[in-house]
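Following: one structure in structure tokens, then a few remarks.
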Amino acid sequence: MARIMARYEPSEIEPKWIERWEAEGLYRASDDPRDDRPRFYALDMFPYPSGDLHMGHAEAFSGGDAVARYKAMQGNDVLHPIGWDAFGLPAENAAIKRGIHPKEWTYANVEQQATSFRRMGMSFDWSRRLNTCDPEYYRWTQWLFSRFFERGLAYRKTAAANWCPHDQTVLANEQVKDGTCERCGSVVVRKDLTQWFFRITDYAQRLLDDMDQLTEWPERVLTMQRNWIGRSEGATVTFEIAETGNTVEVFTTRPDTLWGVTFFVFAPEHPMVPELAKAGGTWDQVEALLNRQQVTPLTDKEQAETREGIALGVHVVNPVNGEKVPAFVAPYVLMEYGTGAVMAVPAHDQRDFEFAREHDLPVRIVIQPGSEHLDPQEMTEAFAAEGVMVNSGPFDGERSPQSIATVTAWLQQQARGEASVSYRLRDWLISRQRYWGAPIPIVHCPDHGEVVVPDDQLPVLLPEDVDFRPGGQSPLARHEGFVHTTCPICKGPATRDTDTIDTFVDSSWYFLRYCSPREASGPFDPDAVARWMPVGQYTGGVEHAILHLLYSRFFTKVLHDMGLVGFTEPFPRLMNQGQVIFDGASMSKTKGNIVEPMPIVQAWGADTMRVMMLFAGPFEDDIDWKLIAPEGDRRPGVTSWLGRVYAAVFDAAASDAEQSGALTRTQHRTVQGVTEDLERFRFNVAISKLQVLSNELRAALDAGAGGRQAAEALTLLLAPFAPFLAEELWREALDHPESVHRAPWPSFDPALTTRDRITLVVQVDGKVRDRIEIESGADETAIEQIARASENARRALEGRELAKVIVRAPKLVNFVTKR
RNA sequence: GUCGGAGUGGCGGAAUAUGGUAGACGCGCUAGGUUGAGGGCCUAGUCCUCGCAAGAGGGUGGGGGUUCAAAUCCCCCCUCCGACACCA
């Protein structure tokens with residue numbers, strides 16, 4: 001068999017097409033309002049510019065690019081933008097280490113990543129490129145801050161904040177992992193600080209409710225967000241201070257245990273604590289505790305474990321039975337949750353139980369389990385399961401937890417409490433005491449307080465001549481020229497706020513900016529946003545399941561309430577790619593096991609890198625690089641396959657022979673299958689189907705038959721995965737003048753997706769006894785007859801009595817015998 | 001502990017939405033061919049046990065159930081992974 005022995009040379013093919021595509025403006029979104037094509041917004045989570053791209057980017061963007069290209073071939077006007085999340089701590093830390101400016105470091109990395117993306121052949125609309133650290137971008141981040149401020153959604157308060165002693169900055173709750181700083185791993189301490197917050201808690205219920213719209217999100221992400229918001233239903237109950245007559249509210253999810261309250265606990269930061277301690281004559285000890293907390297704050301872990309506490313010397317009155325119980329102050333009660341004070345029910349709450357044992361307080365059982373009888377003396381842990389209410393006045397004998405509702409109704413009727421809902425979600429702390437971020441556009445005036453910088457004075461430029469080494473306060477505070485300004489209202493001397501905005505604010509609206517990236521009169525052109533949003537497909541790592549995705553959802557709802565956007569959810573369809581790991585462990589600089597994609601691209605080509613990553617396994621699963629890496633300089637299996645495709649398509653193009661019916665059927669079946677797989681992001685399965693088609697094409701050509709149509713279909717289907725090879729084959733082998741990436745996605749004829757010969761399976765009592773090749777299209781009677789003629793089936797049926805025959809045309813007959 | 005997800009060859013994984021040939025496709029491995037050698041490329045084989053073969057038996061974490069038929073649906077259990085975890 002004579003074959004054209006042309007060799008597949010990615011290093012010659014790929015650079016050529018990069019230039020041609022750019023010259024042809026192939027990937028520019030038209031965004032012409034008169035363009036009547038449907039629009040599709042394919043969005044990838046934008047990268048952080050630390051060094052060159054890593055393997056995780058390679059996988060994620062290969063998937064995102066496949067979707068964008070597929071949608072374009074389907075006739076959509078596709079918006080597939082790229083930009084950089086370019087503000088942030090790592091730039092600053094790296095800059096300090098290397099003695100260069102964060103700006104220089106950042107832009108150098110952005111350029112390197114852009115170069116790598118280009119070499120990979122990503123179908124980005126480069127004309128929309130943006131960086132969050134460009135003044136033209138952060139001007140609008142500041143503008144949005146101002147709008148939030150005006151609406152009361154941005155505010156400053158003093159509260160216990162997460163302080164990272166290493167990075168010398170506060171962190172959002174979401175940036176603390178297991179009590180340590182997400183970035184550097186240092187143990188985070190709680191410190192009272194005055195900070196800026198966004199009032200995301202106002203949107204807690206809507207963030208929860210609107211998850212109904214997110215039917216195309218992975219279940220685990222929805223669950224994580226639900227847990228993070230942490231809605232709890234319960235009741236607010238009002239207690240009175242016996243000694244002072246003041247009232248204090250508590251939130252409880254267990255109003256059915258109210259009769260079991262034996263003491264009461266305030267968080268140390270609770271505003272009533274000083275006056276109560278003074279009234280109770282315990283201020284000296286309490287003050288010592290508060291001061292110690294301030295000087296050596298507890299870590300999350302310490303706070304979680306301590307059961308220390310001080311009796312305040314005052315008592316609260318239990319509204320359900322008039323009992324006076326002692327009040328304590330203890331760090332295990334958090335000011336940030338509920339009301340900052342709790343009614344303690346040691347018999348039925350483990351924390352209260354431990355505190356009671358530590359401080360020798362009574363334990364009173366008010367829920368008895370059905371089986372054994374609880375004895376307060378012998379209990380070793382709180383009883384929190386179902387049971388029957390006892391010692392509970394009018395409610396004795398009621399079943400708990402069903403009784404929660406009746407008790408709550410009764411409290412409400414008696415005006416001693418009411419049903420209420422509490423959320424775990426806290427307001428979003430957005431100020432940072434670091435340099436490389438957008439300055440908060442606020443001026444502090446001695447007469448007018450916090451004054452927002454007028455829009456026409458934005459951006460508040462980040463000065464470059466700053467000593468940006470961390471020092472406990474914002475580096476900007478040391479820049480005299482930045483700090484001193486005038487009050488926008490009275491023109492008197494005033495100072496600028498010297499904190500910078502959390503970079504998660506930058507990334508909470510970048511997807512809107514992409515719709516009109518050069519817009520000069522606002523953060524975005526509402527018409528352009530209306531044309532493109534919401535995003536058609538959002539692709540990125542699951543590490544953003546809470547932070548970025550929750551914040552972006554919040555931003556979108558605020559913008560919706562401001563009338564700037566017409567939708568409430570930005571990303572109805574979300575796809576999370578898995579992590580790329582190495583030998584079972586995550587890649588990291590400290591482990592020195594980072595693999596970068598560019599050496600693979602240099603050695604074997606971008607198409608190989610893409611197909612390798614997408615074929616390695618399900619997109620959402622982790623990929624262990626050790627298991628798929630080519631050994632030494634051996635040719636990767638993927639490259640071999642692409643080489644066989646190359647040769648087969650050239651051979652098919654050169655052949656005048658007729659294509660067989662069987663190959664045509666495989667062709668149509670493959671078009672159908674790959675289309676379905678792309679809709680469901682099953683790239684690995686799609687590629688396996690392309691391999692089947694290319695194997696059959698090769699076999700057909702070797703047998704002297706033709707395969708031009710199959711080769712065309714194969715090339716079109718290959719385009720989302722291996723865009724360079726597909727282009728080379730489309731234009732050079734198959735001789736089309738236009739790009740394969742502008743060709744219409746192939747269609748299939750349902751009548752041709754079935755095989756012409758199929759395997760009839762003959763079973764006896766569900767066990768396969770024979771397989772017979774038959775013409776497809778045989779009806780039930782025909783296949784039953786064929787099955788009855790099977791020698792193997794007859795042998796298995798010998799000596800048994802036939803009970804019934806199950807016939808499922810066209811491919812199964814099951815003979816069921818009597819038992 | 002709570003909430004999610006997942007357990008299939010030596011390996012990555014198909015088949016699960018829609019119950020109907022388990023192991024597609026690929027990696028690796030074995031044998032052979034081509035080549036000065038290596039790489040590359042090509043051909044064949046590759047779930048386990050018995051058998052020369054035809055074939056038979058077993059097999060999708062474990063146990064039970066539904067069904068003519070279960071990797072797939074239902075119940076219980078085990079293991080692994082992930083998130084959250086004094087949230088009152």
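Chain letters run A, B, ... following the sequence lines, proteins first, then strands; residues in each count from 1. The analysis underlying the following values was restricted to heavy atoms, covering all of them including side chains, and did not include hydrogens, waters or symmetry mates. Model, not experiment: these values are computed from the prediction.
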Given side-chain contact (heavy atoms from CB on, under 4.5 Å), test A:Val692 with A:Arg669 step by step and report yes or no.
CA-CA 11 Å; A:Val692 171; A:Arg669 210 165 43 245; over 6 Å; no
Applying side-chain contact (heavy atoms from CB on, under 4.5 Å), run through A:Phe619 and A:Glu59 and close with a yes or a no.
CA-CA 8 Å; A:Phe619 191 58; A:Glu59 191 204 3; 3.8 Å; yes
Is there a side-chain contact (heavy atoms from CB on, under 4.5 Å) between A:Asn318 and A:Val325? Walk through the geometry before answering.
CA-CA 7 Å; A:Asn318 187 338; A:Val325 297; 5.6 Å; no
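A:Val542 comes within 4.0 angstrom of nothing in the nucleic acid, heavy atoms only. A:Pro218 comes within 4.0 angstrom of no nucleic acid atom, judged by non-hydrogen atoms across all strands. Among the protein residues, A:Glu305 comes within range of the nucleic acid bases, having at least one heavy atom under 4.0 Å from a base atom. Backbone-only contact: A:Arg644 has heavy atoms under 4.0 Å from sugar-phosphate atoms and none from a base. Base contact: A:Gln763 has a heavy atom under 4.0 Å from a base atom. Residue contacts shown for A:Ile628 are absent, as no nucleic acid heavy atom lies under 4.0 Å away. Across all strands, A:Asn695 comes closer than 4.0 Å only to sugar-phosphate atoms, never to a base (heavy-atom distances). When heavy atoms are screened at a 4.0 angstrom cut-off, A:Arg808 is found touching base atoms of the nucleic acid. Looking at heavy-atom distances under 4.0 Å, A:Arg351 makes contact with a base.
Among B:C87, B:G40, B:G4, the nucleotide with an atom closest to any side-chain atom of A:Arg220 is B:G4. Here B:G40 is the nucleotide among B:A83, B:G40, B:C87 with the atom lying nearest to any side-chain atom of A:Arg7. For A:Val816, the side-chain atoms get nearest to B:C68 when compared with the rest of B:U21, B:C68, B:C87. Here B:C87 is the nucleotide among B:U21, B:G12, B:C87 with the atom lying nearest to any side-chain atom of A:Tyr337. Distances from the side chain of A:Pro618 to the nucleotides B:A88, B:A15, B:G13 place B:G13 closest. With distances taken from any side-chain atom of A:Asn227 to the nucleotides B:G40, B:C3, B:A88, the minimum falls on B:C3. Ranking B:A88, B:G4, B:U21 by closeness to the A:Arg771 side chain, first place goes to B:U21.
Put simply, A:Thr253 has no side-chain N or O that comes within less than 4.0 Å of OP1 or OP2 on B:C87. Remark: A:Arg424 is in phosphate contact with B:A85, judged by side-chain N or O atoms under 4.0 Å from OP1 or OP2. OP1 or OP2 of B:A14 lies within a sub-4.0 Å distance of a side-chain N or O belonging to A:Asn684. Under 4.0 angstrom from either OP1 or OP2 of B:G40 there lies at least one side-chain N or O belonging to A:Arg634. Between A:Ser640 and B:C41, a side-chain N or O to OP1/OP2 separation shorter than 4.0 Å is present.
Here B:A15 presents its P atom at 14 Å from NZ of A:Lys811, a figure rounded to the nearest Å. Whole-Å rounding puts the A:Gln579 CD to B:A83 P distance at 9 Å. A straight line from CD of A:Glu773 to P of B:U21 spans 15 Å, rounded to a whole angstrom. One interatomic measurement links the two molecules: CE of A:Met224 to C1' of B:A83, which rounds to 5 Å at whole-angstrom precision. Rounded to whole angstrom, the span from the CD atom of A:Glu216 across to the P atom of B:A17 amounts to 17 Å. Remark: C1' of B:A15 and NZ of A:Lys689 are 10 Å apart, rounded to the nearest angstrom. In this entry the distance linking CG of A:Asp677 with P of B:U16 reads 11 Å, nearest Å. As rounded to whole Å, 7 Å separates atom P of B:G26 from atom CZ of A:Phe615.
Salt bridge status for A:Arg254 with A:Asp349: absent, with no side-chain N to carboxylate O gap under 4.0 Å. The existence of a salt bridge linking A:Arg795 and A:Glu791 is excluded, since no basic side-chain nitrogen approaches an acidic carboxylate oxygen closer than 4.0 Å.
With both pairing distances under 3.5 Å, B:A22 is matched to nothing as a Watson-Crick or G-U wobble pair. With a cut-off of 3.5 Å on both pairing distances, the Watson-Crick or G-U wobble partner of B:G55 is B:C50. Using N1 to N3 plus N6-O4 or O6-N4 for Watson-Crick, or N1-O2 and O6-N3 for G-U wobble, each under 3.5 Å, B:C27 pairs with B:G10. Checking B:U16 for Watson-Crick or G-U wobble geometry (two distances, each under 3.5 Å) identifies no partner in any strand. Searching all strands for a Watson-Crick or G-U wobble partner of B:U66 with both distances below 3.5 Å returns nothing. The pairing partner recorded for B:C87 is none, the criterion being a Watson-Crick or G-U wobble arrangement whose two distances lie under 3.5 angstrom. The pairing partner recorded for B:G40 is B:U34, the criterion being a Watson-Crick or G-U wobble arrangement whose two distances lie under 3.5 angstrom. With a cut-off of 3.5 Å on both Watson-Crick or G-U wobble distances, the partner of B:G4 is given as B:C81.
To the nearest whole angstrom, the two P atoms, one in B:C27 and one in B:G40, are 11 Å apart. B:C47 and B:A53 have their P atoms separated by 14 Å, with the value rounded to a whole Å. Distance check on atom C1': B:G13 versus B:C84 gives 31 Å, rounded to whole Å. Taking atom C1' in both B:U60 and B:G19, one finds a spacing of 15 Å when rounded to whole Å. Comparing B:A83 with B:U30, their C1' atoms are spaced 45 Å from each other, to the whole Å. Across B:G20 and B:C73, the matching P atoms stand 11 Å from one another, rounded to whole Å. As rounded to the nearest Å, B:G28 and B:G4 have P atoms that lie 41 Å from one another. Comparing the same atom, P, in B:C81 and in B:A22 gives a spacing of 33 Å after rounding to whole Å.
Base orientation for B:G32: anti, the chi torsion being more than 90° from 0.
A donor and an acceptor atom, one from each side chain of A:Thr238 and A:Thr247, are nowhere located under 3.5 Å apart. Between the side chains of A:Glu773 and A:Thr759, a donor-acceptor pair is found at a separation under 3.5 Å. Side-chain contact annotation: A:Thr666 with A:Glu696, donor-acceptor N/O pair under 3.5 Å present.
Side-chain atoms of A:Arg680 and base atoms of B:A17 include a donor and an acceptor less than 3.5 Å apart. With hydrogens and angles ignored, a donor-acceptor pair under 3.5 angstrom links the side chain of A:Asn814 to the base of B:C68. Side-chain atoms of A:Arg698 and base atoms of B:C42 include no donor and acceptor less than 3.5 Å apart.
Residue-to-nucleotide proximity on RNA chain B shows that, of A:Val638 and A:Gly338, the 5′-proximal contact is made by A:Val638.
With a 4.5 Å cut-off on side-chain heavy atoms, A:Ser62 and A:Phe683 do not count as touching.
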Per-nt protein contacts along nucleotides 49-59 of chain B (heavy atom under 4.0 Å; B base, S backbone sugar-phosphate only, - none) come out as ------SSSS-
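The structure places OH of A:Tyr551 at 11.0 Å from NE2 of A:His544, a figure rounded to the nearest 0.5 Å.
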